[in-house]
Amino acid sequence: MTVEERPTDHASVDNAMSGEDSPELRRLYDDFESEHLIPLWTQLGDLMPMTPAPRARPHVWRWSTLHPLAERAGDLVPVGRGGERRAIALANPGLAGNAYAAPTLWAAIQYLGPRETAPEHRHSQNAFRFVVEGEGVWTVVDGDPVRMSRGDFLLTPGWRFHGHHNETDRPMAWLDGLDIPLAHQTDVGFFEFGSDRVTDYATPRYSRGERLWSHPGLRPLTGLADTVSSPIAAYRWEHTDRALTEQLLLEEEGQPATVEQGHAAVRYVNPTTGGDVMPTLRAEFHRLRTGARTATRREVGASVFQVFEGRGRIALGGVEHAVEKGDLFVVPSWVPWWAGAEGGRPLDLFRFSDAPVMERLGFARTHIEGEER
């Protein structure tokens, strides 16, 4: 008998506090409450469900709505000490009162106006940026200026000072992703203010970290020790795009290069370990040929996706949605989902998740429809 098939004595739970309870039993429950105790038999269904029963809901946020709202915030809300960042968080409708996309993931649109500077600070939470459009902003991480451009995936590992400056006359918006909810629930958060400006206003094409580490298959002898997070400050779009393109070309040649027919995918990795870029966050990029569709999957843990290019359809918990460039959607734990490309070009999807945490804790589980468990 599988976990999913295990019977539950719902009657014993539902009747635990029924009107048929004896005065002695009611006094027992009153004494539990006064001593801040809760008996398991009244909570088993909530604490140990047959399968994950997330409060977070599948949801889609439209770029066509998000970006104009960010522009309005840019006109009305200054950047500076106090608020620190003009970041607008995606608040899952199932997690009322929390600015969380999922119980472990925080996602936001950050907007920086022309010639603006966001002051430096640092925090124990791990963070990244993904740029769906625009250029002209540099993020400075521990004194290393890092160019931000379309399609780039940029890291700010925990406890690194960082700020941003826009060197153009145009605003720029991007996706921020952090493990804020996880840090909040586990009480591990620290925060410290840094410089009111950024420590280096240089605008190099490549950061010092990239110049040292971003050479395929080569590791500097000055960096032989493994690091908790990746030392690469920016994973450039040109490399991501080339890797996905070559996978699909190899598939056309009959080689086993894609994860599914018409589905190319890469994972951003820490070159010192071969593992995830940060200990709590996984990041991937997926490309679906026109007409291709993923299998329907259920996965333990949450994911947030952003459409980088193209148009397509997704299904979240059996409900289909049309998506296009910039749109974001969240897949809570164990919610079935699939994605498919429509129109005249591939569907490009950036994805981040809490998979490293789920795997290290031994909770990870995936079910693909049609496959044996």
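A quick note: this is a predicted structure, and the numbers were derived from the prediction, not measured.
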Is it true that Trp337 and Phe329 have ring centroids separated by less than 6.0 Å?
no
Mind checking whether Ser333 and Val300 have side chains closer than 4.5 Å, heavy atoms only?
yes
Check this for me: does any side-chain nitrogen of one of Arg242 and Glu238 sit under 4.0 Å from a carboxylate oxygen of the other?
no
Should the pair Arg122-Glu192 be classified as a salt bridge under the 4.0 Å nitrogen-to-oxygen rule?
yes
Give the intermediate values and the outcome of salt bridge (Lys or Arg N to Asp or Glu O under 4.0 Å) for residues Arg129 and Asp152.
CA-CA 8 Å; Arg129 336 242 163 246; Asp152 292 345; over 6 Å; no
Name each donor-acceptor pair under 3.5 Å that joins a side chain in residues 217-225 to protein atoms two or more places apart or in another chain, with its distance.
from	atom 1	to	atom 2	distance (Å)
Arg219	NE	Gly223	O	2.9
Arg219	NH1	Thr272	O	3.3
Arg219	NH2	Gly223	O	3.2
Arg219	NH2	Leu224	O	3.0
Arg219	NH2	Ala225	O	3.4
Arg219	NH2	Asp226	OD1	3.3

Ring centroid separation for Trp106 and His184, is it under 6.0 angstrom?
no
Quick one: do Glu210 and Arg147 satisfy salt bridge (Lys or Arg N to Asp or Glu O under 4.0 Å)? Show the steps, please.
CA-CA 11 Å; Glu210 291 172 84; Arg147 171 175 54 90; 5.3 Å; no
Answer yes if the ring centres of Tyr235 and Phe285 are under 6.0 angstrom apart, and no otherwise.
no
Would you say the side-chain atoms of Glu84 pair up with the backbone N or O of His121, donor to acceptor, closer than 3.5 Å?
no
Thinking salt bridges, do Arg311 and Glu324 make one under a 4.0 Å N-O criterion?
yes
Which residue, Val323, Val60, Val132, forms the side-chain contact (heavy atoms from CB on, under 4.5 Å) with Val307?
Val323
From Arg287 CZ over to Thr258 OG1, what is the distance, rounded to the nearest 0.5 angstrom?
13.0 Å
Distance-minimising heavy-atom pair for His263 and Leu248:
N-CD2, 4.4 Å
How about Trp63 and Gln306: does a side-chain donor come under 3.5 Å of a side-chain acceptor?
no
Is the distance between the ring centroids of His321 and His59 under 6.0 Å?
no
